[in-house]
Protein chains: 2
Amino acid sequence: MSDRDPFILKLETFAALDEGDRDLLRDRCRRIVAMRAKEEIVQEGADPQVVHLVLSGFACRYKILADGSRQIVAFLLPGDFCDLHVFILDEHDHNIATLTDCRLALLSREDVTALCGRPRVARALWWSTLVDQAILREWLLNIGRRSAEERVAHLLCELLERLRNVGLVSADNSFKLPVTQGELADTLGLTVVHVNRMIRNLRDMDLIAVSGRQIMVPDVEGLKRFCGFRANYLHLERDRSRPDDALAESEAFAMRVD
Amino acid sequence: MSDRDPFILKLETFAALDEGDRDLLRDRCRRIVAMRAKEEIVQEGADPQVVHLVLSGFACRYKILADGSRQIVAFLLPGDFCDLHVFILDEHDHNIATLTDCRLALLSREDVTALCGRPRVARALWWSTLVDQAILREWLLNIGRRSAEERVAHLLCELLERLRNVGLVSADNSFKLPVTQGELADTLGLTVVHVNRMIRNLRDMDLIAVSGRQIMVPDVEGLKRFCGFRANYLHLERDRSRPDDALAESEAFAMRVD
DNA sequence: CGCGTTGTTGAAATTCCTCAAGAATAGTGG
DNA sequence: CCACTATTCTTGAGGAATTTCAACAACGCG
(Lines give C-alpha, C1' and ligand atoms only; values in the text may rest on other atoms or scores of the structure.)
Protein backbone atom coordinates (compact mmCIF):
# COMPACT_ATOMS: atom_id res chain seq x y z
CA MET A 1 0.00 0.00 0.00
CA SER A 2 1.13 3.51 -0.65
CA ASP A 3 0.54 6.88 0.94
CA ARG A 4 -2.19 7.31 -1.61
CA ASP A 5 -4.49 4.83 0.10
CA PRO A 6 -7.92 6.40 0.22
CA PHE A 7 -8.42 5.81 3.92
CA ILE A 8 -5.16 7.53 4.75
CA LEU A 9 -6.01 10.36 2.39
CA LYS A 10 -9.33 10.74 4.10
CA LEU A 11 -8.03 10.77 7.65
CA GLU A 12 -5.35 13.23 6.63
CA THR A 13 -8.02 15.68 5.60
CA PHE A 14 -8.38 16.44 9.21
CA ALA A 15 -5.32 15.37 11.12
CA ALA A 16 -1.76 15.92 9.92
CA LEU A 17 -0.58 12.36 10.45
CA ASP A 18 3.11 11.63 10.75
CA GLU A 19 4.97 8.66 9.26
CA GLY A 20 4.44 6.67 12.45
CA ASP A 21 0.68 7.22 12.31
CA ARG A 22 0.56 6.15 8.70
CA ASP A 23 2.66 3.07 9.34
CA LEU A 24 0.37 2.04 12.16
CA LEU A 25 -2.69 2.53 9.97
CA ARG A 26 -1.23 0.47 7.16
CA ASP A 27 -0.19 -2.19 9.61
CA ARG A 28 -3.61 -2.46 11.26
CA CYS A 29 -5.47 -2.50 7.96
CA ARG A 30 -3.73 -5.54 6.60
CA ARG A 31 -6.57 -7.99 7.08
CA ILE A 32 -8.48 -7.50 3.87
CA VAL A 33 -11.58 -9.20 2.55
CA ALA A 34 -13.01 -8.95 -0.97
CA MET A 35 -16.78 -8.93 -1.44
CA ARG A 36 -19.02 -9.06 -4.47
CA ALA A 37 -21.66 -6.45 -5.26
CA LYS A 38 -24.91 -6.50 -3.26
CA GLU A 39 -23.70 -8.64 -0.40
CA GLU A 40 -24.53 -7.99 3.24
CA ILE A 41 -21.68 -6.72 5.39
CA VAL A 42 -23.61 -6.27 8.62
CA GLN A 43 -27.18 -7.27 9.44
CA GLU A 44 -29.52 -5.39 11.73
CA GLY A 45 -29.55 -6.86 15.22
CA ALA A 46 -26.12 -8.43 14.85
CA ASP A 47 -23.38 -7.82 17.39
CA PRO A 48 -20.17 -8.48 15.50
CA GLN A 49 -16.91 -7.41 17.05
CA VAL A 50 -15.17 -6.33 13.87
CA VAL A 51 -14.93 -2.89 12.32
CA HIS A 52 -15.06 -2.64 8.53
CA LEU A 53 -13.24 0.02 6.51
CA VAL A 54 -13.94 0.45 2.80
CA LEU A 55 -10.74 0.33 0.75
CA SER A 56 -12.32 0.23 -2.70
CA GLY A 57 -15.85 0.12 -4.10
CA PHE A 58 -19.12 1.57 -2.84
CA ALA A 59 -21.19 0.30 0.08
CA CYS A 60 -24.20 1.70 1.91
CA ARG A 61 -26.11 1.73 5.16
CA TYR A 62 -29.83 1.17 4.80
CA LYS A 63 -33.03 0.49 6.64
CA ILE A 64 -36.02 -1.50 5.46
CA LEU A 65 -39.70 -1.06 6.30
CA ALA A 66 -42.17 -3.88 6.76
CA ASP A 67 -43.64 -3.23 3.30
CA GLY A 68 -40.23 -3.76 1.76
CA SER A 69 -39.41 -0.17 0.93
CA ARG A 70 -35.82 0.77 1.58
CA GLN A 71 -34.06 3.91 2.68
CA ILE A 72 -30.33 4.20 2.13
CA VAL A 73 -29.02 6.37 4.97
CA ALA A 74 -25.35 6.59 3.97
CA PHE A 75 -23.00 5.95 1.12
CA LEU A 76 -19.76 4.35 2.27
CA LEU A 77 -16.96 5.35 -0.10
CA PRO A 78 -13.31 4.33 -0.08
CA GLY A 79 -11.84 5.59 3.17
CA ASP A 80 -15.10 5.38 5.13
CA PHE A 81 -15.57 3.29 8.26
CA CYS A 82 -18.72 1.17 8.25
CA ASP A 83 -19.25 0.57 11.92
CA LEU A 84 -16.88 2.36 14.27
CA HIS A 85 -19.75 2.48 16.77
CA VAL A 86 -19.77 -1.24 17.23
CA PHE A 87 -17.91 -1.16 20.55
CA ILE A 88 -20.34 1.22 22.20
CA LEU A 89 -23.82 0.38 20.99
CA ASP A 90 -25.26 -2.98 21.89
CA GLU A 91 -26.68 -3.97 18.53
CA HIS A 92 -26.86 -2.72 14.96
CA ASP A 93 -29.95 -0.66 14.18
CA HIS A 94 -29.39 -0.83 10.44
CA ASN A 95 -27.92 -2.99 7.72
CA ILE A 96 -24.75 -2.45 5.73
CA ALA A 97 -24.26 -3.91 2.28
CA THR A 98 -21.97 -3.52 -0.68
CA LEU A 99 -23.29 -1.76 -3.76
CA THR A 100 -20.38 -2.82 -5.96
CA ASP A 101 -17.51 -5.24 -5.60
CA CYS A 102 -15.55 -4.02 -2.59
CA ARG A 103 -12.31 -4.51 -0.76
CA LEU A 104 -12.73 -4.07 2.99
CA ALA A 105 -10.19 -3.91 5.78
CA LEU A 106 -11.21 -5.74 8.96
CA LEU A 107 -10.15 -4.23 12.27
CA SER A 108 -10.39 -6.07 15.55
CA ARG A 109 -11.06 -4.41 18.86
CA GLU A 110 -7.30 -4.51 19.51
CA ASP A 111 -6.61 -2.79 16.19
CA VAL A 112 -8.96 0.06 17.08
CA THR A 113 -7.44 0.30 20.55
CA ALA A 114 -3.99 0.55 18.99
CA LEU A 115 -5.13 3.23 16.55
CA CYS A 116 -6.71 5.23 19.33
CA GLY A 117 -3.45 5.15 21.22
CA ARG A 118 -2.19 7.75 18.78
CA PRO A 119 -3.83 11.09 19.56
CA ARG A 120 -3.91 12.34 16.00
CA VAL A 121 -5.37 9.11 14.71
CA ALA A 122 -7.91 8.98 17.53
CA ARG A 123 -8.95 12.51 16.77
CA ALA A 124 -9.28 11.68 13.10
CA LEU A 125 -11.57 8.74 13.92
CA TRP A 126 -13.74 10.96 16.09
CA TRP A 127 -13.80 13.50 13.29
CA SER A 128 -14.84 10.90 10.76
CA THR A 129 -17.75 9.84 12.98
CA LEU A 130 -18.88 13.43 13.42
CA VAL A 131 -18.69 14.13 9.70
CA ASP A 132 -20.91 11.10 9.08
CA GLN A 133 -23.37 12.71 11.45
CA ALA A 134 -23.14 16.06 9.67
CA ILE A 135 -23.85 14.31 6.37
CA LEU A 136 -26.95 12.72 7.88
CA ARG A 137 -28.21 16.17 8.88
CA GLU A 138 -27.63 17.50 5.40
CA TRP A 139 -29.42 14.52 3.85
CA LEU A 140 -32.36 15.16 6.13
CA LEU A 141 -32.50 18.73 4.87
CA ASN A 142 -32.12 17.45 1.34
CA ILE A 143 -35.02 15.01 1.52
CA GLY A 144 -37.15 17.17 3.76
CA ARG A 145 -36.95 20.50 2.04
CA ARG A 146 -35.45 20.37 -1.43
CA SER A 147 -37.24 19.61 -4.70
CA ALA A 148 -36.53 16.30 -6.40
CA GLU A 149 -34.31 17.98 -9.02
CA GLU A 150 -32.27 19.76 -6.38
CA ARG A 151 -32.00 16.59 -4.32
CA VAL A 152 -30.36 14.69 -7.13
CA ALA A 153 -28.05 17.60 -7.91
CA HIS A 154 -27.09 18.01 -4.27
CA LEU A 155 -26.22 14.35 -3.86
CA LEU A 156 -24.03 14.52 -6.95
CA CYS A 157 -22.25 17.59 -5.60
CA GLU A 158 -21.59 15.80 -2.34
CA LEU A 159 -20.26 12.70 -4.06
CA LEU A 160 -18.07 14.86 -6.28
CA GLU A 161 -16.45 16.48 -3.25
CA ARG A 162 -16.16 13.33 -1.18
CA LEU A 163 -14.68 11.33 -4.04
CA ARG A 164 -12.35 14.17 -4.95
CA ASN A 165 -11.12 14.10 -1.37
CA VAL A 166 -9.95 10.51 -1.79
CA GLY A 167 -8.53 11.00 -5.25
CA LEU A 168 -11.36 9.45 -7.27
CA VAL A 169 -12.33 12.42 -9.46
CA SER A 170 -10.47 13.13 -12.69
CA ALA A 171 -9.25 16.52 -13.83
CA ASP A 172 -12.37 17.17 -15.93
CA ASN A 173 -14.60 16.76 -12.88
CA SER A 174 -15.90 13.37 -13.87
CA PHE A 175 -16.25 10.36 -11.61
CA LYS A 176 -17.56 6.83 -11.70
CA LEU A 177 -20.90 6.42 -9.96
CA PRO A 178 -21.47 2.66 -9.90
CA VAL A 179 -24.97 2.95 -8.50
CA THR A 180 -28.31 2.17 -10.11
CA GLN A 181 -31.06 4.74 -10.39
CA GLY A 182 -33.08 2.49 -8.09
CA GLU A 183 -30.42 2.88 -5.44
CA LEU A 184 -30.37 6.64 -5.95
CA ALA A 185 -34.13 6.61 -5.52
CA ASP A 186 -33.83 4.73 -2.22
CA THR A 187 -31.27 7.29 -1.14
CA LEU A 188 -33.29 10.35 -2.04
CA GLY A 189 -36.72 9.20 -0.91
CA LEU A 190 -38.03 9.14 -4.49
CA THR A 191 -39.11 6.50 -7.01
CA VAL A 192 -36.91 5.14 -9.79
CA VAL A 193 -39.12 6.70 -12.42
CA HIS A 194 -38.88 10.13 -10.90
CA VAL A 195 -35.12 9.95 -10.37
CA ASN A 196 -34.79 9.04 -14.01
CA ARG A 197 -36.73 12.11 -15.08
CA MET A 198 -34.81 14.40 -12.75
CA ILE A 199 -31.50 13.15 -14.13
CA ARG A 200 -32.83 13.79 -17.61
CA ASN A 201 -33.71 17.33 -16.58
CA LEU A 202 -30.22 17.95 -15.21
CA ARG A 203 -28.76 16.63 -18.46
CA ASP A 204 -31.08 18.81 -20.53
CA MET A 205 -29.95 21.80 -18.50
CA ASP A 206 -26.33 20.83 -19.20
CA LEU A 207 -25.64 20.66 -15.50
CA ILE A 208 -24.33 17.11 -15.80
CA ALA A 209 -23.26 14.75 -18.58
CA VAL A 210 -23.85 11.04 -18.16
CA SER A 211 -22.18 8.28 -20.13
CA GLY A 212 -22.79 4.85 -18.75
CA ARG A 213 -22.02 5.18 -15.07
CA GLN A 214 -19.58 7.99 -15.52
CA ILE A 215 -20.81 11.41 -14.39
CA MET A 216 -19.18 14.55 -15.73
CA VAL A 217 -19.91 17.95 -14.27
CA PRO A 218 -19.10 20.59 -16.89
CA ASP A 219 -19.72 23.54 -14.57
CA VAL A 220 -19.24 22.61 -10.94
CA GLU A 221 -20.12 26.05 -9.64
CA GLY A 222 -23.23 26.06 -11.79
CA LEU A 223 -24.40 22.74 -10.38
CA LYS A 224 -23.70 23.86 -6.84
CA ARG A 225 -25.55 27.11 -7.38
CA PHE A 226 -28.51 25.21 -8.78
CA CYS A 227 -29.03 23.16 -5.63
CA GLY A 228 -27.55 25.49 -3.04
CA PHE A 229 -24.66 23.18 -2.26
CA ARG A 230 -22.22 24.39 0.38
CA ALA A 231 -19.44 21.99 1.28
CA ASN A 232 -19.00 23.23 4.83
CA TYR A 233 -20.87 20.28 6.35
CA LEU A 234 -18.22 17.89 5.00
CA HIS A 235 -15.61 19.64 7.15
CA LEU A 236 -12.88 18.93 4.61
CA GLU A 237 -10.82 21.97 5.53
CA ARG A 238 -8.53 21.08 8.35
CA ASP A 239 -8.75 23.67 11.06
CA ARG A 240 -5.47 25.58 10.97
CA SER A 241 -6.23 27.41 14.15
CA ARG A 242 -5.71 24.25 16.17
CA PRO A 243 -2.13 23.20 15.61
CA ASP A 244 -1.64 19.47 15.49
CA ASP A 245 1.62 19.68 17.37
CA ALA A 246 0.01 21.12 20.44
CA LEU A 247 -2.62 18.44 20.18
CA ALA A 248 -0.07 15.70 19.89
CA GLU A 249 1.83 16.96 22.90
CA SER A 250 -1.25 17.06 25.04
CA GLU A 251 -2.31 13.60 23.94
CA ALA A 252 -5.72 15.03 23.39
CA PHE A 253 -8.58 12.74 22.58
CA ALA A 254 -6.85 9.51 23.33
CA MET A 255 -9.74 7.11 23.06
CA ARG A 256 -8.84 3.72 24.41
CA VAL A 257 -10.91 0.63 23.90
CA ASP A 258 -10.54 -2.17 26.38
CA MET B 1 -30.09 18.83 42.24
CA SER B 2 -31.20 15.31 42.88
CA ASP B 3 -30.51 11.94 41.36
CA ARG B 4 -33.62 12.54 39.34
CA ASP B 5 -31.96 15.12 37.12
CA PRO B 6 -32.90 14.30 33.56
CA PHE B 7 -29.36 14.38 32.26
CA ILE B 8 -28.21 11.93 34.88
CA LEU B 9 -31.22 9.73 34.21
CA LYS B 10 -30.37 9.77 30.54
CA LEU B 11 -26.71 8.90 30.92
CA GLU B 12 -27.64 6.14 33.33
CA THR B 13 -29.67 4.50 30.62
CA PHE B 14 -26.45 3.24 29.26
CA ALA B 15 -23.77 3.34 31.92
CA ALA B 16 -24.28 2.27 35.52
CA LEU B 17 -22.79 5.39 37.09
CA ASP B 18 -21.59 5.29 40.67
CA GLU B 19 -22.01 8.01 43.28
CA GLY B 20 -18.66 9.53 42.32
CA ASP B 21 -19.70 9.77 38.68
CA ARG B 22 -22.96 11.43 39.63
CA ASP B 23 -21.26 13.86 41.98
CA LEU B 24 -18.84 14.87 39.25
CA LEU B 25 -21.67 15.38 36.78
CA ARG B 26 -23.64 17.53 39.21
CA ASP B 27 -20.52 19.49 40.02
CA ARG B 28 -19.60 20.18 36.40
CA CYS B 29 -23.14 21.14 35.42
CA ARG B 30 -23.43 23.95 37.91
CA ARG B 31 -23.07 26.81 35.48
CA ILE B 32 -26.64 27.23 34.35
CA VAL B 33 -28.21 29.72 31.99
CA ALA B 34 -31.91 30.33 31.44
CA MET B 35 -33.17 31.17 27.97
CA ARG B 36 -36.51 32.26 26.58
CA ALA B 37 -38.37 30.41 23.84
CA LYS B 38 -37.13 30.79 20.26
CA GLU B 39 -33.69 32.15 21.05
CA GLU B 40 -30.54 31.10 19.25
CA ILE B 41 -28.13 28.96 21.24
CA VAL B 42 -25.55 28.39 18.53
CA GLN B 43 -25.31 29.95 15.08
CA GLU B 44 -24.01 28.23 11.96
CA GLY B 45 -20.38 29.10 11.32
CA ALA B 46 -19.69 29.98 14.93
CA ASP B 47 -16.82 28.41 16.85
CA PRO B 48 -17.81 28.68 20.49
CA GLN B 49 -15.86 26.75 23.05
CA VAL B 50 -18.74 25.86 25.32
CA VAL B 51 -20.87 22.74 25.38
CA HIS B 52 -24.58 23.13 26.15
CA LEU B 53 -26.66 20.54 27.94
CA VAL B 54 -30.45 20.85 28.13
CA LEU B 55 -31.72 20.66 31.70
CA SER B 56 -35.32 21.63 31.05
CA GLY B 57 -37.38 22.69 28.05
CA PHE B 58 -37.18 21.77 24.37
CA ALA B 59 -34.56 22.95 21.88
CA CYS B 60 -33.74 21.91 18.33
CA ARG B 61 -31.04 21.77 15.70
CA TYR B 62 -32.05 23.12 12.34
CA LYS B 63 -30.83 24.12 8.92
CA ILE B 64 -32.18 26.83 6.67
CA LEU B 65 -32.27 27.04 2.88
CA ALA B 66 -31.75 30.19 0.86
CA ASP B 67 -35.52 30.42 0.21
CA GLY B 68 -36.13 30.49 3.94
CA SER B 69 -37.51 26.99 4.34
CA ARG B 70 -36.32 25.24 7.44
CA GLN B 71 -35.55 21.67 8.37
CA ILE B 72 -35.33 20.71 12.01
CA VAL B 73 -32.78 17.89 12.23
CA ALA B 74 -33.01 17.09 15.93
CA PHE B 75 -35.11 17.69 19.00
CA LEU B 76 -33.01 18.37 22.07
CA LEU B 77 -34.86 17.23 25.16
CA PRO B 78 -33.88 17.45 28.81
CA GLY B 79 -30.72 15.41 29.21
CA ASP B 80 -29.49 15.96 25.64
CA PHE B 81 -26.18 17.56 24.78
CA CYS B 82 -26.41 20.26 22.11
CA ASP B 83 -22.88 20.36 20.80
CA LEU B 84 -20.51 17.76 22.20
CA HIS B 85 -18.76 17.84 18.82
CA VAL B 86 -17.55 21.36 19.29
CA PHE B 87 -14.02 20.36 20.25
CA ILE B 88 -13.43 18.30 17.13
CA LEU B 89 -15.15 20.01 14.24
CA ASP B 90 -13.90 23.41 13.17
CA GLU B 91 -17.21 25.18 12.79
CA HIS B 92 -20.91 24.61 13.29
CA ASP B 93 -22.73 23.37 10.20
CA HIS B 94 -26.16 24.03 11.68
CA ASN B 95 -28.01 26.25 14.11
CA ILE B 96 -29.35 25.41 17.53
CA ALA B 97 -32.24 27.27 19.10
CA THR B 98 -34.66 26.92 21.95
CA LEU B 99 -38.23 25.98 21.16
CA THR B 100 -39.51 26.76 24.65
CA ASP B 101 -38.06 28.46 27.68
CA CYS B 102 -35.02 26.39 28.62
CA ARG B 103 -32.48 25.89 31.35
CA LEU B 104 -29.09 24.93 29.96
CA ALA B 105 -25.91 23.81 31.68
CA LEU B 106 -22.71 25.27 30.22
CA LEU B 107 -19.65 23.05 30.16
CA SER B 108 -16.20 24.34 29.43
CA ARG B 109 -13.51 22.35 27.70
CA GLU B 110 -12.08 21.57 31.15
CA ASP B 111 -15.45 20.31 32.36
CA VAL B 112 -15.68 17.90 29.45
CA THR B 113 -12.10 16.79 30.00
CA ALA B 114 -12.92 16.09 33.62
CA LEU B 115 -16.05 14.14 32.72
CA CYS B 116 -14.13 12.08 30.20
CA GLY B 117 -11.60 11.17 32.86
CA ARG B 118 -14.23 8.81 34.25
CA PRO B 119 -14.53 5.79 31.94
CA ARG B 120 -18.21 5.19 32.54
CA VAL B 121 -19.09 8.82 32.00
CA ALA B 122 -16.88 9.00 28.90
CA ARG B 123 -18.56 5.93 27.51
CA ALA B 124 -21.97 7.39 28.24
CA LEU B 125 -21.06 10.57 26.33
CA TRP B 126 -19.90 8.51 23.35
CA TRP B 127 -23.11 6.53 23.58
CA SER B 128 -25.20 9.67 23.63
CA THR B 129 -23.48 10.93 20.47
CA LEU B 130 -24.03 7.63 18.71
CA VAL B 131 -27.69 7.51 19.69
CA ASP B 132 -28.11 10.99 18.21
CA GLN B 133 -26.71 9.57 15.01
CA ALA B 134 -29.05 6.58 15.13
CA ILE B 135 -31.99 8.94 15.54
CA LEU B 136 -30.88 10.87 12.45
CA ARG B 137 -30.90 7.64 10.46
CA GLU B 138 -34.38 6.80 11.65
CA TRP B 139 -35.62 10.29 10.79
CA LEU B 140 -34.20 9.91 7.33
CA LEU B 141 -36.16 6.69 6.94
CA ASN B 142 -39.19 8.41 8.36
CA ILE B 143 -39.14 11.33 5.93
CA GLY B 144 -37.88 9.32 3.00
CA ARG B 145 -40.17 6.34 3.08
CA ARG B 146 -43.15 6.73 5.39
CA SER B 147 -46.50 8.36 4.61
CA ALA B 148 -47.29 11.68 6.24
CA GLU B 149 -49.67 10.04 8.73
CA GLU B 150 -47.09 7.47 9.74
CA ARG B 151 -44.41 10.13 10.02
CA VAL B 152 -46.35 12.10 12.57
CA ALA B 153 -47.22 8.96 14.51
CA HIS B 154 -43.62 7.76 14.46
CA LEU B 155 -42.28 11.05 15.77
CA LEU B 156 -44.80 10.95 18.61
CA CYS B 157 -43.76 7.40 19.48
CA GLU B 158 -40.14 8.46 19.60
CA LEU B 159 -40.87 11.46 21.79
CA LEU B 160 -42.97 9.30 24.08
CA GLU B 161 -40.08 6.90 24.63
CA ARG B 162 -37.39 9.54 24.91
CA LEU B 163 -39.39 11.63 27.33
CA ARG B 164 -40.36 8.56 29.33
CA ASN B 165 -36.67 7.80 29.65
CA VAL B 166 -36.08 11.09 31.45
CA GLY B 167 -39.19 10.88 33.57
CA LEU B 168 -41.39 13.29 31.62
CA VAL B 169 -44.29 10.97 30.76
CA SER B 170 -47.13 10.43 33.20
CA ALA B 171 -48.67 7.10 34.11
CA ASP B 172 -51.48 7.47 31.55
CA ASN B 173 -48.95 7.82 28.72
CA SER B 174 -49.46 11.52 28.27
CA PHE B 175 -46.76 14.13 27.86
CA LYS B 176 -46.39 17.80 27.20
CA LEU B 177 -45.35 18.61 23.64
CA PRO B 178 -44.63 22.34 23.69
CA VAL B 179 -44.09 22.54 19.95
CA THR B 180 -46.17 24.27 17.28
CA GLN B 181 -47.56 22.41 14.29
CA GLY B 182 -45.30 24.60 12.17
CA GLU B 183 -42.30 23.24 14.00
CA LEU B 184 -43.57 19.69 13.57
CA ALA B 185 -43.93 20.41 9.86
CA ASP B 186 -40.33 21.63 9.65
CA THR B 187 -39.28 18.45 11.42
CA LEU B 188 -41.21 16.06 9.22
CA GLY B 189 -40.60 17.68 5.85
CA LEU B 190 -44.29 18.59 5.48
CA THR B 191 -46.38 21.76 5.48
CA VAL B 192 -48.28 23.09 8.47
CA VAL B 193 -51.57 22.48 6.76
CA HIS B 194 -50.81 18.86 6.09
CA VAL B 195 -49.48 18.19 9.57
CA ASN B 196 -52.69 19.63 10.93
CA ARG B 197 -54.76 17.22 8.84
CA MET B 198 -52.62 14.23 9.75
CA ILE B 199 -52.96 15.00 13.45
CA ARG B 200 -56.70 15.21 12.93
CA ASN B 201 -56.64 11.79 11.28
CA LEU B 202 -54.71 10.28 14.17
CA ARG B 203 -57.24 11.78 16.57
CA ASP B 204 -60.15 10.49 14.52
CA MET B 205 -58.61 7.02 14.61
CA ASP B 206 -58.30 7.35 18.41
CA LEU B 207 -54.58 6.76 18.19
CA ILE B 208 -53.87 9.96 20.09
CA ALA B 209 -55.81 12.46 22.17
CA VAL B 210 -54.78 16.10 22.12
CA SER B 211 -55.73 18.72 24.65
CA GLY B 212 -53.82 21.93 24.27
CA ARG B 213 -50.23 20.87 24.05
CA GLN B 214 -50.71 17.72 26.02
CA ILE B 215 -50.59 14.51 24.00
CA MET B 216 -52.18 11.36 25.38
CA VAL B 217 -51.64 7.98 23.79
CA PRO B 218 -54.51 5.70 24.81
CA ASP B 219 -53.05 2.60 23.16
CA VAL B 220 -49.28 2.81 22.89
CA GLU B 221 -48.94 -0.55 21.16
CA GLY B 222 -51.63 0.44 18.70
CA LEU B 223 -49.86 3.65 17.77
CA LYS B 224 -46.56 1.84 17.40
CA ARG B 225 -48.14 -0.81 15.24
CA PHE B 226 -49.72 1.84 13.06
CA CYS B 227 -46.38 3.41 12.12
CA GLY B 228 -44.07 0.44 12.52
CA PHE B 229 -42.24 1.96 15.46
CA ARG B 230 -39.45 -0.14 16.94
CA ALA B 231 -37.51 1.45 19.76
CA ASN B 232 -34.28 -0.42 19.10
CA TYR B 233 -32.62 2.57 17.42
CA LEU B 234 -32.84 4.54 20.66
CA HIS B 235 -30.60 1.98 22.37
CA LEU B 236 -32.31 2.51 25.69
CA GLU B 237 -31.62 -1.00 26.96
CA ARG B 238 -28.27 -1.07 28.62
CA ASP B 239 -26.28 -3.99 27.33
CA ARG B 240 -26.09 -6.48 30.19
CA SER B 241 -23.58 -8.62 28.40
CA ARG B 242 -20.88 -6.02 28.95
CA PRO B 243 -20.48 -5.65 32.69
CA ASP B 244 -19.74 -2.12 33.76
CA ASP B 245 -17.29 -3.29 36.39
CA ALA B 246 -14.99 -4.84 33.85
CA LEU B 247 -15.29 -1.69 31.83
CA ALA B 248 -14.46 0.51 34.74
CA GLU B 249 -11.45 -1.57 35.64
CA SER B 250 -10.10 -1.45 32.14
CA GLU B 251 -10.61 2.31 31.88
CA ALA B 252 -12.23 1.68 28.56
CA PHE B 253 -13.02 4.58 26.33
CA ALA B 254 -11.24 7.24 28.29
CA MET B 255 -11.63 10.20 26.03
CA ARG B 256 -9.45 13.05 27.11
CA VAL B 257 -9.79 16.55 25.75
CA ASP B 258 -6.74 18.76 26.01
C1' DC C 1 -59.59 44.29 25.17
C1' DG C 2 -56.74 44.04 21.17
C1' DC C 3 -53.23 41.96 18.54
C1' DG C 4 -50.02 38.51 17.03
C1' DT C 5 -49.45 33.76 16.81
C1' DT C 6 -51.28 29.35 16.15
C1' DG C 7 -54.74 26.15 14.67
C1' DT C 8 -58.33 24.75 11.23
C1' DT C 9 -60.73 24.06 6.97
C1' DG C 10 -61.78 24.29 1.77
C1' DA C 11 -60.55 24.27 -3.00
C1' DA C 12 -57.31 24.37 -6.70
C1' DA C 13 -52.68 23.42 -8.33
C1' DT C 14 -48.54 20.73 -8.44
C1' DT C 15 -45.41 17.35 -7.47
C1' DC C 16 -44.55 12.91 -7.29
C1' DC C 17 -46.16 8.09 -7.60
C1' DT C 18 -48.18 3.99 -9.80
C1' DC C 19 -48.84 1.18 -13.48
C1' DA C 20 -47.41 -0.38 -17.75
C1' DA C 21 -44.60 -1.38 -21.57
C1' DG C 22 -40.74 -1.20 -24.52
C1' DA C 23 -35.55 -0.26 -25.27
C1' DA C 24 -30.89 -0.59 -23.87
C1' DT C 25 -27.40 -2.83 -21.30
C1' DA C 26 -24.92 -6.33 -18.83
C1' DG C 27 -24.23 -10.94 -17.58
C1' DT C 28 -24.35 -16.14 -18.65
C1' DG C 29 -23.92 -20.36 -20.82
C1' DG C 30 -23.43 -22.68 -25.09
C1' DC D 1 -19.08 -14.88 -30.53
C1' DC D 2 -23.87 -15.33 -30.19
C1' DA D 3 -28.29 -16.22 -28.19
C1' DC D 4 -30.79 -15.76 -24.02
C1' DT D 5 -32.09 -13.70 -19.76
C1' DA D 6 -32.19 -10.53 -16.13
C1' DT D 7 -31.48 -6.13 -14.78
C1' DT D 8 -31.60 -1.43 -15.60
C1' DC D 9 -33.12 2.54 -18.09
C1' DT D 10 -36.67 5.22 -20.35
C1' DT D 11 -41.09 7.15 -21.57
C1' DG D 12 -46.30 7.88 -21.33
C1' DA D 13 -50.62 8.44 -19.02
C1' DG D 14 -53.52 8.57 -15.13
C1' DG D 15 -54.02 8.93 -10.15
C1' DA D 16 -52.85 10.00 -5.38
C1' DA D 17 -50.52 12.59 -1.95
C1' DT D 18 -49.07 16.86 -0.69
C1' DT D 19 -48.67 21.82 -1.37
C1' DT D 20 -50.34 26.38 -2.13
C1' DC D 21 -53.42 29.95 -1.47
C1' DA D 22 -56.85 31.96 1.17
C1' DA D 23 -59.81 32.81 4.89
C1' DC D 24 -61.37 32.52 9.41
C1' DA D 25 -61.48 30.80 14.27
C1' DA D 26 -59.16 30.02 18.59
C1' DC D 27 -55.78 30.99 21.85
C1' DG D 28 -52.39 33.46 24.63
C1' DC D 29 -50.25 37.49 26.12
C1' DG D 30 -49.49 42.35 27.38
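In what follows, chains are A, B, ... by sequence order, proteins preceding strands, each numbered from 1. Quick caveat, the model's predicted, so the values are computed rather than measured.
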Are the side chains of Glu44(B) and Asn232(A) in contact, using a 4.5 Å heavy-atom criterion? yes
Short N-O contact, Arg145(A) and Glu150(A), less than 4.0 angstrom: no
Indicate the ring-plane relationship of Tyr233(A) and His154(A), choosing parallel, tilted or perpendicular according to the 30° and 60° boundaries. parallel
Tell me: CD of Glu183(B) to C1' of dG7(C), nearest whole Å? 13 Å
To the side chain of Thr191(B), which of dG7(C), dT18(C), dT20(D) is closest? dT20(D)
Ranking Arg213(A) and Arg145(A) by the position along DNA chain D of their nearest nucleotide, the one closer to 5' is Arg213(A)
Please report the distance, rounded to the nearest Å, between CG in Leu99(A) and C1' in dT7(D). 15 Å
Regarding Arg203(A), tell me which of base, sugar-phosphate or nothing describes its non-hydrogen contacts under 4.0 Å with the strands shown. sugar-phosphate
What about Arg197(B): does its side chain form a donor-acceptor pair under 3.5 Å with the base of dG10(C)? yes
So does Arg200(B) reach the base of dG7(C) with its side chain, donor to acceptor, closer than 3.5 Å? no
Could you state the CZ-P distance from Arg146(A) to dT19(D), rounded to the nearest angstrom? 17 Å
Leu190(A) CG - dT18(C) C1' separation (whole Å): 14 Å
Would one find a side-chain N or O of Asn196(A) under 4.0 angstrom from OP1 or OP2 of dT10(D)? yes
Do Ser211(B) and Gln214(B) pair up side chain to side chain, a donor and an acceptor below 3.5 Å, judged on atom types alone? no
Basic-acidic side-chain contact under 4.0 Å: Asp83(A), Arg61(A): no
Just compare dC17(C), dG7(C), dT8(D) and give me whichever is closest to any side-chain atom of Thr180(B). dG7(C)
Looking only at side-chain atoms of Lys38(A), point me to the closest of dT8(D), dT20(D), dG7(C). dT8(D)
Kindly say if Arg36(A) contacts the phosphate of dG27(C), meaning a side-chain N or O under 4.0 Å from OP1 or OP2. no
Atom CG of Asn201(B) and atom P of dT9(C) are separated, to the nearest Å, by 11 Å
5'-most contact on DNA chain C: Val193(B) or His194(A), nearest heavy atom basis? Val193(B)
